[in-house]
Amino acid sequence: MIAEVIIDSRAKKLNRKFDYKIPDNLRDLIDVGSRVLVPFANFKTLEQGYVIKIKEKTEFEVKEIAGLDENLSQYKVELARWMARKYFCNVSECIKLMLTPGTRSKETGKRIQDKKVNFIYLTDKFRENLNSVELLRGEKQKKAIEFISKNEGFTIPEIMELADVSRETINSLIKKDFLKIEEQKVDRNPLALKRKEENKKLKLTDEQQFAYNKITKAIEDKRFEEFLIYGVTGSGKTEVYMQLIEEVMNKERGAILLVPEISLTPQMLDRFIGRFGKEKLAVLHSKLSIGERHDEWIKIKENRAKIVIGARSAIFAPLENLGMIIVDEEHDNSYKSESNPRYNAKEIAEKICKQENIPLVLGSATPDISSFYRAKQKDITLLKLTKRANNSNLPEVEIVDLRKELASGNKSMFSQALYESIKENLKNKNQTILFLNRRGYSTFIICRECGYTMKCPNCNISLTYHSFNNKLKCHYCGHEENIVNKCPSCGSDKIRYFGTGTQKLEQEIKKIFPEARTIRMDVDTVTKKNSHEEILNKFKNENIDILIGTQMVVKGHHFPKVTLVGVISADSSLNIDDFRANEKTFQILTQVAGRAGREKLPGKVIIQTYNPDSFPIEFSKKQDYELFYKTEIELRKQLKYPPFCDIIVIGFSGEDQNEIIKFSTLVHNMLKTNIEKYGINVFMPMPAPIDKIKNKYRWRIIAKGSVTEEVTIVINKCLQNFYDLGIGKKTNISVDINPNNMV
Ligand code: ADP
Ligand code: ZN
Ligand code: ZN
């Protein structure tokens, strides 16, 4: 038998199939989806490959498969091939997302080993000897034996802790052959240290019940239907998810719940553990160690876990007998991968749900414009939750015009209104969240004499001043340098620092409100494994008055005592060069506002802006998504932006700018001749807005039109032609449809 194998090769962009003979000893084991090891070219080591087809014979002289690694279902292989076409990438890159993490690391060639732990048991010798207790020396040994007789299968540290005996005591009992050690495999469990606090099922509100019934019907009918739960912040979406998952579990099926990386908070997991226990739950996210990820994956594969909660890549979790997929905060950027393979987890979810005949549930307080449009077109069933579930009211929102503040002589970061409110809140011992979407201290440094700005030597981007280590830092490549007192260009000492980041905000707060206890959450403070969690817990439990942070503070958190939310500047996302600028601004303002007044205490939100009349800001005052949607969708229609059209971005990057120009021109011509006839407009190659990152120049071609199946095929062909010419080895090329980030 012959296998068609795609090689996961070091040679780039090699979506090619090679034939290999299946050796007799592997004949029954190898199937479509197997990951195998094969000899390739003149490489000294074996290469990994994926079997995509089995056939009787081949016309070529072929080598033999050398070994078998792991098997995937045929359906997963088909999914990978579909992805490769849709997202213009290698099949092997897609298959990798579906295999057990850490089973074979290309870099080290090592496999993740099972974790083994030593457990202590009584020996037969001890059990059978009736006088053995009399042979024990001293109280300590008696104490240890007494504990172990009742609690076999504990570890030495556990026994030391619980029975309050020393390691020596246990060791001497082992020497006497009264105790024995047994090594057993255990899971590395990210939830191991969590305690279960009962989370009782709540009686659903009428709106929740309506949504629940609709979706339950689809679960029972085993049919694909896509739902959008559009529910204001705090409307009880999570409660609905939990009850739906219970329904799925009652039917002996499993569920995947996708959440944005950042909302995978301990609070959220606690609710699920409280409802379902730890045993049936698996979590998958990037903060897990590779060992934990491996063991969680195995737990799912072996059917021990029935509920998978995870970030984007958890959509590939190997759950058998799936009953439903939920995508929470479905508008979130993180569901789309911005590096190869550039897949969108929502699209993958849809594909899987259709295949399995199960419902797909999207949820958000500020749905993606395209999702809401599809709901309006009746492509998706819309389910609304208009009220907060616990009867708290949505907060009152005040918009402050910073132009007026400036005119009245207030040059500080805080408007009069925000200043007064923080003061009031401190007096009342309630909590405040201050949101600013830029980290660091000053965001650009300029010479007043000649206009020179300090830029990163590797990236065409301004450096940010960080006060904690007194350095200038590039947020794209991590480059750091010392602060300067003289202009590197003209020698003048008139260097000025402009722009405000979270570090400066924190310092200002400390200056104005010295009695306030503050904590800051941004990429610079969230560096260690759990510090995100730690900061949130501290804020919740340790009488901290003010939480200062970037968008990390925006998502999903529930702090009963937060009654004031201040947005220092609403304008930063408004001015980005991106068709989603309005959408992003409205979403972030609504989400951050939703953190205020979530329980009995009423909430207040103050939004500071230089653009009080722009509609995303105006509508965020009323927190009226539908009003915002009506204006935005009209604009999109007029300007031909998604969902009325797709934006195709073909990116080129590399160290040789001349080569990039040459190849982008070539690709431009290729595309013009091949896809313009499908109504796609192809624009000239241009440098990207940030035209150099990490010493690589960046150019791009933008094309606009409807990306149909046909167009996808043609673009794939163009790319293949391009690689076939054997050129562009130094130039990286990527294709992305409606990317999150247009810079
Ligand atoms: P969302 O996910 O929409 O932000 P949550 O599910 O977190 O909302 O609910 C917000 C708050 O309302 C939580 O404290 C939750 O316990 C409470 N809640 C949710 N559903 C109900 C209900 N049916 N009855 C009472 N309280 C509820
Ligand atoms: Zn200068
Ligand atoms: Zn840089």
Side-chain angles (χ1 to χ4, degrees), residues 197-212 229-245 257 259-260 263 265 267-272 274-275 326-330 361-367 383-394 445-464 471-481 484-496 554-560 562 590-591 593-600 690-696 698:
E197 275 172 46
E198 201 64 38
N199 179 303
K200 287 230 170 63
K201 196 163 153 175
L202 299 169
K203 184 170 169 5
L204 297 178
T205 63
D206 290 347
E207 287 180 330
Q208 284 174 319
Q209 189 68 46
F210 182 80
Y212 171 86
I229 303 184
Y230 155 51
V232 298
T233 52
S235 59
K237 294 183 287 294
T238 312
E239 182 62 33
V240 176
Y241 302 156
M242 288 198 286
Q243 298 202 16
L244 287 170
I245 290 173
L257 168 61
V259 294
S263 349
T265 57
Q267 296 174 19
M268 194 221 175
L269 284 175
D270 286 344
R271 286 172 78 175
F272 278 82
R275 187 73 55 94
I326 301 172
V327 184
D328 189 27
E329 312 273 7
E330 64 92 32
V361 180
L362 310 176
S364 175
T366 51
L383 300 165
K384 290 191 200 179
L385 306 179
T386 58
K387 294 186 272 294
R388 279 190 165 174
N390 58 2
N391 285 324
S392 67
N393 287 315
L394 283 171
I445 299 120
I446 188 166
C447 166
R448 280 247 168 115
E449 205 72 53
C450 73
Y452 179 87
T453 52
M454 293 294 294
K455 283 192 170 170
C456 173
N458 313 319
C459 314
N460 202 356
I461 199 90
S462 325
L463 292 170
T464 298
K471 291 243 157 106
L472 305 179
K473 193 167 178 181
C474 170
H475 286 179
Y476 281 81
C477 73
H479 167 84
E480 266 188 3
E481 56 187 80
V484 290
N485 300 317
K486 276 196 165 44
C487 171
S489 172
C490 75
S492 150
D493 58 3
K494 292 215 170 74
I495 302 281
R496 292 291 176 271
V554 174
K555 306 274 166 67
H557 316 304
H558 184 83
F559 301 113
V562 171
T590 309
Q591 296 286 344
R595 297 314 111 214
R598 287 173 70 89
E599 285 193 3
K600 294 189 187 75
I690 299 177
D691 58 9
K692 195 173 92 176
I693 293 181
K694 294 184 190 168
N695 280 321
K696 289 199 165 131
R698 306 169 77 237

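For ligands, and for the atoms within them, numbers begin at 1 and follow the listed sequence. Count residues from 1 along the sequence. Just so it is clear, the structure is predicted and the values come from calculations on it, not from any experiment. Atoms considered below: every heavy atom in the structure, side chains included; atoms not considered: hydrogens, waters and symmetry mates.
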Using distance alone, decide if ligand 1 has a nitrogen or oxygen within less than 3.5 Å of any nitrogen or oxygen in Gly234. yes
Could you tell me whether Arg271 and ligand 1 have an N or O pair separated by under 3.5 Å? yes
Result, protein N, O or S atoms below 2.8 Å from the Zn ion (ligand 3), excl. waters, equals 4
Which ligand 1 atoms does Lys203 reach within 4.0 Å, using its non-hydrogen atoms? 22 (C), 23 (N), 24 (N)
Distance-minimising heavy-atom pair for Pro457 and Asn695: O-OD1, 3.8 Å
Could you check if a side-chain atom of Glu329 sits within less than 4.5 angstrom of a side-chain atom of Lys237, using non-hydrogen atoms only? no
Please verify whether a non-hydrogen atom of Gly231 lies at under 4.0 Å from ligand 1. no
In degrees, rounded to 10 degrees, what angle do Cys490 atom SG and Cys447 atom SG make at the Zn ion (ligand 2)? 110°
Look at ligand 1 and say whether Arg598 reaches it with a heavy atom at a distance under 4.0 Å. yes
Taking the side chain as every heavy atom from C-beta outward, state whether Arg448 and Ser492 have any pair of such atoms under 4.5 Å apart. no
Report yes if Thr233 has an N/O atom closer than 3.5 Å to an N/O atom of ligand 1; otherwise report no. no
By ring pair (Phe, Tyr, Trp, His ring centres under 6.0 Å) - contacts of Tyr212 (at least two apart): none
Glu481 and Met454, any side-chain heavy atoms less than 4.5 Å apart: yes
Would you say the side chain of Pro367 lies within less than 4.5 Å of the side chain of Glu330, judging by non-hydrogen atoms? yes
Would a 4.5 Å heavy-atom cut-off, applied to side chains only, mark Asn390 and Arg598 as touching? no
Of the side chain and backbone of Thr238, name the one, both, or neither that has a heavy atom under 4.0 Å from an atom of ligand 1. both
Arg275/Glu239 ion pair, N-O < 4.0 Å: yes
Can you give the angle Cys487 SG - the Zn ion (ligand 2) - Cys450 SG, rounded to 10°? 110°
Side-chain heavy-atom pair Thr238, Phe272 within 4.5 angstrom cut-off: yes
Close side-chain approach of Tyr241 to Ile229, heavy-atom, < 4.5 Å: yes
